[in-house]
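In what follows, a single structure is set out as structure tokens and then discussed.
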Amino acid sequence: MKTQRLRHVIDFLFAAALFGVFLVSSVMVVAVGAGAYRSITGKAQEDSALRTSLSYVSEKLRQADSEGALSIGTVRDSISLALKQEYRGESYTTYIYEFDGSLCELFIRSDASAEPEYGTRLLELSDFQVERLADALYRVSIVTEDGKNASLLLHPHSRDALEEEAES
């Protein structure tokens with residue numbers, strides 16, 4: 001009778017130890033997975049501001065692509081990308097610039113004074129630069145709050161189309 005009881009206790013202890021090992025292993029796998037997930041989502045969020053701001057600038061150029069639409073301007077002391085467009089016989093300019101730690105867009109009539117605080121804040125970043133490299137080639141450089149930077153080369157397509165028409 002004692003041997004049978006001892007056998008049942010050993011069976012119970014073995015099952016409990018096996019369950020404990022399984023439980024500890026499960027918790028460790030979940031902890032490692034959570035750490036990896038946190039790391040991946042953090043990296044994705046950091047890169048998102050960079051990719052989104054460059055994509056935004058590129059898309060704005062595509063929307064406003066016409067002869068003479070792209071230039072470098074200023075909004076008070078900030079260098080900006082200036083995109084001119086005609087709406088209902090009036091000339092308007094879209095300024096894209098950095099102000100107070102944010103990428104901003106300001107859409108106003110071309111003859112109006114551009115004040116940076118009137119712009120719409122789009123994304124947080126620490127620096128936005130535009131430089132003209134050639135006749136129709138511009139470089140836009142962006143630095144995010146965490147110090148990551150990237151550049152985008154812009155070349156308006158309307159200039160190519162006009163040059164091809166002039167050659168034929």
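One-based numbering along the sequence shown. Quick caveat, the model's predicted, so the values are computed rather than measured.
- Contacts classified as ring-ring contact (aromatic ring centres under 6.0 Å, His included) and involving residues 12-46 (residues at least two apart or in different chains) are not found.
- When the ring-ring contact (aromatic ring centres under 6.0 Å, His included) test is applied to Y118, no partner is found at least two apart in sequence or on another chain.
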Show, in sequence, the C-alpha distance, side-chain angles and deciding distance for L61 and Y138, and conclude whether the side-chain contact (heavy atoms from CB on, under 4.5 Å) test is met. CA-CA 11 Å; L61 173 65; Y138 296 84; over 6 Å; no

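- Here the side chains of L70 and L83 are in contact, with some heavy-atom distance below 4.5 Å.
- Linking ILVMFWY side-chain heavy atoms closer than 4.5 Å, directly or via other members, places L50 and L103 in a single hydrophobic cluster.
- Within 6.0 Å of atom CD in E124, 12 or fewer heavy atoms from other residues, nucleotides or ligands are found, so the atom counts as exposed in its surroundings.
- Atom CG of D111 sits in a crowded spot, with more than 12 heavy atoms from other residues, nucleotides or ligands closer than 6.0 Å.
- A single hydrophobic cluster is seen to contain both L122 and I142, as judged by linkage of ILVMFWY side chains at heavy-atom distances under 4.5 Å, directly or through other members.
- Under the 4.5 Å side-chain criterion, counting only non-hydrogen atoms from C-beta, L81 is in contact with L154.
- Residue Y87 shares its hydrophobic cluster (ILVMFWY side chains chained together at separations under 4.5 Å) with Y92, F107.
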Test R121 against D100 for side-chain contact (heavy atoms from CB on, under 4.5 Å), laying out the working first. CA-CA 9 Å; R121 293 177 186 269; D100 201 23; 3.5 Å; yes

Show the numbers, then the answer: is there a side-chain contact (heavy atoms from CB on, under 4.5 Å) between I96 and V140? CA-CA 11 Å; I96 300 172; V140 175; over 6 Å; no

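- Between the side chain of S78 and the main chain of Y97, no donor-acceptor pair closer than 3.5 Å is present.
- V75 and I108 fall within the same hydrophobic cluster, defined by Ile, Leu, Val, Met, Phe, Trp and Tyr side-chain heavy atoms under 4.5 Å apart, directly or through other members.
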